[in-house]
There are 2 protein chains.
Amino acid sequence: MRTFWERGYEGASLSDLTEATGVGRQSLYLAFGDKQKLYLAALDRYREHFFLPLVEALSGNVDVRVALREAILPLVDGSCADDPRGCFLVAAAAERAGEDSAVRSRVTAAFAGLETALLEAAQRSRAAGLVADTVDLTGWAALTVATIQGMRVMEAGGTDRATLIRALDTALAMLHP
Amino acid sequence: MRTFWERGYEGASLSDLTEATGVGRQSLYLAFGDKQKLYLAALDRYREHFFLPLVEALSGNVDVRVALREAILPLVDGSCADDPRGCFLVAAAAERAGEDSAVRSRVTAAFAGLETALLEAAQRSRAAGLVADTVDLTGWAALTVATIQGMRVMEAGGTDRATLIRALDTALAMLHP
DNA sequence: AGCTTTGTTGACTGGTCAGTCAAGAAAGTT
DNA sequence: AACTTTCTTGACTGACCAGTCAACAAAGCT
């Protein structure tokens with residue numbers, strides 16, 4: 001997973017993958033079929049280990065703003081030091097979604113899942129009186145998914161931390177009652 | 001440019017490039033040096049032909065909301081039918097920014113340029129009384145750059161048109177007086 | 001026209017690619 | 001222990017990769 005994450009689909013050779021996994025070439029082929037299926041498995045693993053935790057973190061606090069900020073800031077800080085930069089799902093969307101429909105459907109599903117989780121977290125926050133009644137939460141959820149993915153692109157692209165945090169905080173500030 | 005845009009850096013072979021350009025292999029090497037420099041030239045061409053027009057479109061109407069919506073909607077509609085999906089700059093950020101600092105600096109500069117243009121356009125709109133005084137325009141500009149890039153990722157990832165437009169419209173709605 | 005410079009062509013290089021194969025080791029079964 | 005099945009290994013394949021080379025054509029200049 002890490003190898004595909006760091007180097008992309010085309011950039012990761014089978015030799016890179018056997019070296020990184022410590023698993024022989026033929027074993028990989030017997031276990032996964034071919035490179036594309038191995039890539040999908042890596043993507044699924046990323047989703048499970050890095051994306052779903054983010055989604056679940058949204059229910060960790062009554063206030064979406066606190067929950068989301070706490071979940072996203074470490075990513076922007078790069079403080080998860082030994083993980084590659086940027087988001088594997090974003091890279092997959094950019095590099096492979098056009099050519100591989102299995103990648104596309106996983107990416108679409110992941111983004112939709114995040115949007116739903118954001119909406120529900122926002123609704124819970126509203127129920128707790130933490131969010132203004134005037135805000136269109138469905139719209140806010142769509143906006144916030146796009147903002148998060150955009151932040152991940154800009155993060156990979158070298159945009160400074162302050163700008164990214166400002167973007168996030170502005171999205172969060174919308175909710176203020 | 002179109003070949004790199006469609007297939008990415010690693011995905012576009014020199015044979016693809018000579019075929020697409022109609023220019024011989026050696027001519028490309030004499031003119032550009034190597035594949036990396038050719039990629040940079042393609043990126044510069046994209047910036048000039050597709051990104052700067054978007055930036056300039058922001059001064060095409062006193063109301064940022066109208067200007068931005070008119071500029072972005074065609075991209076989301078894919079009505080620019082013969083252009084590849086997604087944004088070349090986003091793909092470059094995801095695939096190459098980590099490995100090629102020249103790509104990174106171009107991407108960073110492009111995003112920063114869009115942010116500045118958004119800020120100035122929003123300020124002009126405010127001067128015309130079209131934007132609420134309470135909105136933090138700097139924050140809004142940062143948010144909107146991230147949102148646009150996120151939309152481009154999600155567009156490539158197969159997210160439906162309606163969700164993307166909703167995200168954009170929510171960012172625009174923030175400005176309402 | 002004769003000569004220099006510039007551009008073009010297609011064959012070629014060493015290296016790497018994804019994927020396969022066959023031989024051997026390990027583990028499970030009776 | 002004998003045998004079958006599963007897993008692992010490293011050598012191998014044809015294809016393709018970025019980049020080079022030398023022969024050739026076109027154009028510019030005197």
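No experiment lies behind these values; they were computed from the predicted model shown. Letters A, B, ... mirror the listed sequences (proteins, then strands); counts begin at 1.
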Can you check side-chain hydrogen bond (donor to acceptor under 3.5 Å, both in side chains) on A/D100 and A/Q36, steps first, answer last?
CA-CA 9 Å; A/D100 186 333; A/Q36 183 231 347; 2.9 Å; yes

Taking any heavy-atom pair under 4.0 Å as a contact, classify A/A12: base, sugar-phosphate, or nothing.
sugar-phosphate

Looking only at atom types and distance, does a side-chain atom of B/R104 sit under 3.5 Å from a main-chain N or O of B/A93, one as donor and one as acceptor?
no

For A/L28 and C/dA18, what is the distance between atoms CG and C1' respectively, to the nearest whole Å?
12 Å

Length of the OH-P vector between A/Y29 and D/dG10, whole Å
17 Å

Report the nucleotide, chosen from C/dT8, D/dA18, C/dG19, that has the shortest atom-to-atom distance to any side-chain atom of A/K35.
C/dG19

Short side-chain N/O contact to D/dC7 OP1/OP2 from A/S27, under 4.0 Å:
no

Report the residue (B/G22 or A/Q36) whose heavy-atom-nearest nucleotide on DNA chain C is the more 5′ of the two.
B/G22

Whole Å only: how far is the CG atom of A/L30 from the C1' atom of D/dT9?
12 Å

Would you find a donor on one side and an acceptor on the other, under 3.5 Å apart, between the side chain of B/S125 and the backbone of B/V62?
yes

CG of B/L14 versus P of C/dG10: gap in Å, rounded?
15 Å

Whole angstrom is fine here: how far is it from NZ in B/K37 over to C1' in D/dA18?
13 Å

Partner of A/T18 under side chain to side chain contact (heavy atoms under 4.5 Å, CB included), picked from A/T3, A/V23, A/L28, is A/L28

Taking atom C1' of C/dG19 as reference, at what distance in whole Å does atom OH of A/Y39 sit?
20 Å

Among B/Y46, B/F4, B/Y9, B/F51, which one satisfies ring pair (Phe, Tyr, Trp, His ring centres under 6.0 Å) with B/F88?
B/Y46

Tell me: CD of B/E19 to P of C/dG10, nearest whole Å?
13 Å

Determine whether a donor-acceptor pair (one donor, one acceptor, N or O, separation below 3.5 Å) exists between the side chain of A/Q26 and the base of C/dC21.
yes

Is there a side-chain contact between A/S13 and the phosphate of C/dC17, meaning an N or O under 4.0 Å from OP1 or OP2?
yes

Considering only heavy atoms and no angle criterion, is a donor-acceptor pair shorter than 3.5 Å present between the side chain of A/R25 and the base of C/dG19?
yes

Value in whole Å for how far the C1' atom of C/dT16 lies from CD of B/E10
12 Å

